[in-house]
Amino acid sequence: FSMNNPSRIYFCQPYKSVAIALLFTLLLGPLGLLYSCFWGGLFMLPIGILLMRTKFLLGVFLFWIACCIWSVKSVEDYNQRMYHDQRSSL
């Protein structure tokens, strides 16, 4: 350690788990989407409630699949952003 070259301290955001995001979304639907994408979860929650009230099972099933895809994609995008931010700060 010298006064001319002080050490740097880096704080890194933790990555999100794709498996956990998928598990939450499979079990909880749009509520589980809140883990991976907060605004996506808030957007899909009222749509999911409306779809479930109609009791149209095919629509609910397709909606659930769409939530799962959105969840995995948003976690992958988040982790990619964190990786690039950490690499650019070094």
Applying the 4.5 Å side-chain criterion to the ILVMFWY set and letting contacts propagate, would [X] and [Y] be lumped into a single cluster?
X   : Y   : answer
V60 : L45 : no
L23 : F38 : yes
L42 : L31 : yes

Search all heavy atoms of [X] against all heavy atoms of [Y] and return the closest pair with its distance.
X   : Y   : value
V18 : E76 : CG2-CG, 4.2 Å
V75 : K16 : CG1-O, 3.6 Å
L26 : C68 : CD2-SG, 3.7 Å
S71 : L22 : OG-N, 4.3 Å

Can you tell me how far the [atom1] atom of [X] sits from the [atom2] atom of [Y], to the nearest 0.5 Å?
X   : Y   : atom1 : atom2 : value
S74 : W39 : OG    : CH2   : 14.5 Å
M44 : T25 : CE    : OG1   : 10.0 Å
T54 : I49 : OG1   : CD1   : 12.5 Å

Note to self: Apply the hydrophobic cluster definition, ILVMFWY joined by side-chain contacts under 4.5 Å directly or through others, and give me every member besides L50.
What the structure shows: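 Traced through the cluster, L50 reaches no other member.
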Next item on the list: Please go through F24's hydrophobic cluster and name the other residues, only I, L, V, M, F, W, Y counting, with side-chain heavy atoms under 4.5 Å joining them.
Entry: I20, Y35
Note to self: One pair to check against side-chain contact (heavy atoms from CB on, under 4.5 Å): I65 and F61. What are the steps and the verdict?
What the structure shows: CA-CA 6 Å; I65 297 299; F61 176 73; 4.0 Å; yes
Checklist line | Non-hydrogen side-chain atoms of F63 and P30 separated by less than 4.5 Å | finding: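 The answer is yes; the side chains approach within 4.5 Å.
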Margin query: Measuring only between side-chain heavy atoms, which start at C-beta, is Y78 closer than 4.5 Å to S36?
Written below: no
Next item on the list: May I have the step-by-step check of side-chain contact (heavy atoms from CB on, under 4.5 Å) for Y15 and Y83, ending in yes or no?
Entry: CA-CA 9 Å; Y15 290 114; Y83 176 76; 3.5 Å; yes
Note to self: Using side-chain contact (heavy atoms from CB on, under 4.5 Å), reason through F43 and W70 one step at a time and then give a plain yes or no.
What the structure shows: CA-CA 12 Å; F43 176 75; W70 189 341; 3.9 Å; yes
Margin query: Strictly below 4.0 Å, N to O, side chains only: are R81 and D85 in salt-bridge contact?
Written below: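 So R81 does not pair with D85 through a salt bridge.
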